Number of protein chains: 2
Amino acid sequence: MANQNKSVTGKGSNARLDIRTVAKAAGVSIATVSRVVNKMPTVAPHLQVKVAEAIRKLGYVTNTQARALVSGRSKMFGVIISDITNPFFPELIQGFEEEAIEVGYETLIGSTNYDLSRMELCVQRMLERKVDGVAIMTFGIEEPLLDRLSSQGIPMVFVDMAPRKKNIATIHVDYEKGISEAVAHLCELGHRRISFISGPLRLHSAAARLKAFKSAARARGCFLDRYVVYGDHTMVGGERGMEQLLRLKNAPTAVICSNDITAIGAMHSASRAGLSIPEDISLIGFDNVQITEYMLPPLTTITMSGRDIASRAVSALLSPGVPLRTVETTLVVRQTTSGPRLRSLSARRTSRTR
Amino acid sequence: MANQNKSVTGKGSNARLDIRTVAKAAGVSIATVSRVVNKMPTVAPHLQVKVAEAIRKLGYVTNTQARALVSGRSKMFGVIISDITNPFFPELIQGFEEEAIEVGYETLIGSTNYDLSRMELCVQRMLERKVDGVAIMTFGIEEPLLDRLSSQGIPMVFVDMAPRKKNIATIHVDYEKGISEAVAHLCELGHRRISFISGPLRLHSAAARLKAFKSAARARGCFLDRYVVYGDHTMVGGERGMEQLLRLKNAPTAVICSNDITAIGAMHSASRAGLSIPEDISLIGFDNVQITEYMLPPLTTITMSGRDIASRAVSALLSPGVPLRTVETTLVVRQTTSGPRLRSLSARRTSRTR
DNA sequence: GTGAAAGCGCTAACAA
DNA sequence: TTGTTAGCGCTTTCAC
């Protein structure tokens, strides 16, 4: 049957601890208990006390399933991310969860691992659990899935892409600012051969970052197609990307990476190749995850606050109509950038006369 | 009312999409639909097809709240961790979630931030959501909270501590092995002044690691109380711990840290003090989180597989009775350990004759 | 201000 | 094999 005694412990005491039990114990109706639980003002003070006491004594907790069923609201938000192993996402989740709890919502996390079928599964789960909103932080999603969510009228919020559906909010990120600051910083240091290790372009954010890099580099007259290389937003991707770059005839003297862990991979790879950072090669990351500050040397990177994104996401889900402020990005200079070596400079001259 | 039309999109089409709608569309009873959804074998093939088609066409998804309410099983497991920002936990969560999905369970994550009231909130939430089991990975919990979970008969699994309650499983970790390997490694390299930066002792795991260190160091005759210092399992804790150690009169030539991020903090701090690693000071972490391999130099550490722990946790929740294999820990030597400098050696001699 | 009663969408007896 | 039906625990009218 539905409700066999759940006591596995052997205690037979908690045969059933529902609103009815509390009502009986307090000598009121279940409606009154419900009102007290939901802090409705229309309950006589002395009854409030009695009910509260009964609740405490019995250790009653509301069954949210039942509540959700009747009220139609699950009080859960879904968050879909691509890779919980990339430290940017835990930071974001932490922010999201704190804000969500603040306003009485649970957070259901789905991780896609950059895998489309996993993404489908996530969406399915969110639908099944009847989340009251979902934040899609994967920086990319397939149209049909989006439709399924959308057709259920579930509020959604994205980072960084604006599907043309209604009830979908977008958090815009100003990549241009941080990235052009980075390029400017490098140029002022004397670099001309500046590379970019991109993420996979099907991720909207990766594409946007590359685009920002291209235009910033072009604006400074130092963009070269062959200096763009592709990783996958993981450390091994960064490693590979750097290896590719180092094989180039006129290897770059500086490289900007599409995210921090890519930069960390690149750092590792450069150092294994015998280069010192920043003397032989300058490096800039993106995201400013906490660990960048602790790298040796500390990584120069571009801040994009996960907490800012999280808090905008929660408010978008809570009040679908209101417009969201754009998230800024800013260069934070640490110690992985310096002027290029002299021999690099002369190499540069050579390459230019070529 | 309970069920106002959820369509915010303006489409009036999805007035209500429940099992009844599907039943009507397929020309069968709701029981049959339920059977098909739950893949029960007792449905005539042609009806299976008809129902499946209706489901697909209508885009029906099961309401898990309703299912949970009647079946008494939510098909969710809770995982409580202390700090999602410590990369060990995302790795663990990832493993847990994958295993859970595999067996048809959702994962509800609660993060306590080492805060007791947050822990209470987490437990409360898990109770409310009627999770079918909870894995407590905080490496520590207060008794009374434990009782609340326990009295509900919810299966639980802990890492590394064995409360005397029933229906509570414990995953044992063999800290001694990895840690004594680490101490031996250091001793063989010639170190005698070996420090330990511990985590907070109210975390069971931190206490266990310290204990393992003490006995290993004692066994080699190189344990000194003043070489034990306390962090808090964060990078800044590691930083502070190292600062303390460096102020010591006969500063240690090697330090083992209670977890990797502590070691990363310590590394940073040592390097900022002008020491090179490992020439001036050797460093060993604990956990072997992915990033350790990418540090410069790559961090020598002790592996404790989050995935091992995760998979044991899931099976413990799934089948409460069966005993769990102990999780091993093993030293993995990378590049933050080497013999102490000669001047350190002589300093050591001085300190010994003292 | 309080209680009785009608469901929310589903599963699982039980009957046919 | 299929359908009918009684709840699961709760919120929310509506009458008192």
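Everything numeric in this text was worked out from a predicted model, so none of it was measured. All chains are named by letter (A, B, ...) in the order of the sequence lines, taking the proteins before the strands, and each is independently numbered beginning at 1.
Rounded to an integer number of Å, the gap from A:N38 CG to D:dT11 C1' is 8 Å. Atom-to-atom, CZ of B:R67 to P of C:dA12 comes out at 9 Å; the value is rounded to the nearest Å. B:I19 has its CD1 atom 11 Å from the P atom of C:dG9, to the nearest Å. One can place OH of A:Y60 at 7 Å from C1' of D:dG9, the figure rounded to the nearest angstrom. When rounded to the nearest whole Å, the span between CG of A:N63 and C1' of D:dT11 equals 13 Å. Look at CE on A:M40: it is 12 Å from C1' on C:dT2, rounded to the nearest Å. Atom CZ of A:R20 and atom P of C:dG3 are 15 Å apart (whole Å). Atom CG in A:L69 sits about 12 Å away from atom P in D:dT12, given to the nearest Å.
Nearest to the side-chain atoms of A:A44 among the listed nucleotides C:dT11, D:dC10, C:dT2 stands C:dT2.
Applying the 4.0 Å criterion to OP1 and OP2 of C:dT11, one finds that B:S71 has every side-chain N and O outside that range.
Put simply, the side chain of A:R118 gets close to the backbone of A:S111: a donor and an acceptor are under 3.5 Å apart. B:S319 contributes a side-chain N or O that, together with a main-chain N or O of B:S315, makes up a donor-acceptor pair within less than 3.5 Å. In terms of modelled atom types and a separation under 3.5 Å, the side chain of B:R312 and the main chain of B:D308 share a donor-acceptor contact.
Across every non-hydrogen atom of A:K75 and B:R129, the tightest pair is O-NH2, 3.2 Å. Minimum interatomic distance between B:I84 and A:P90 (heavy atoms only, all atoms of both residues): O-CB, 3.3 Å. The two residues A:V314 and A:E99 come nearest to each other via the heavy atoms CG2-CB, 3.7 Å.
Among residues two or more places apart in sequence or in another chain, the side-chain hydrogen bond (donor to acceptor under 3.5 Å, both in side chains) test is passed with A:E98 by A:R307, B:N113.
Using a 3.5 Å distance cut-off with no hydrogens or angles, the side chains of B:Q124 and B:E128 do pair a donor with an acceptor.
Ring pair A:F77/A:F96 is perpendicular by interplanar angle, where above 60° counts as perpendicular and below 30° as parallel.
Taking five base pairs at each end of the helix from C:dG1-D:dC16 to C:dA16-D:dT1 and finding the rotation axis that steps the C1' atoms of four pairs onto the next four gives two axes whose angle is 40°, to the nearest 10°.
Counting non-hydrogen atoms under 4.0 angstrom, B:V43 reaches the backbone sugars and phosphates but no base.
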Between the protein and nucleotides 3-7 of chain D, which nitrogen or oxygen pairs are less than 3.5 angstrom apart?
residue : atom : partner : partner atom : Å
D:dG3   : OP2  : B:S29   : N            : 3.0
D:dG3   : OP2  : B:S29   : OG           : 3.0
D:dG3   : OP2  : B:T32   : OG1          : 2.5
D:dG3   : N7   : B:R35   : NH1          : 3.3
D:dG3   : N7   : B:R35   : NH2          : 3.4
D:dG3   : O6   : B:R35   : NH2          : 2.5

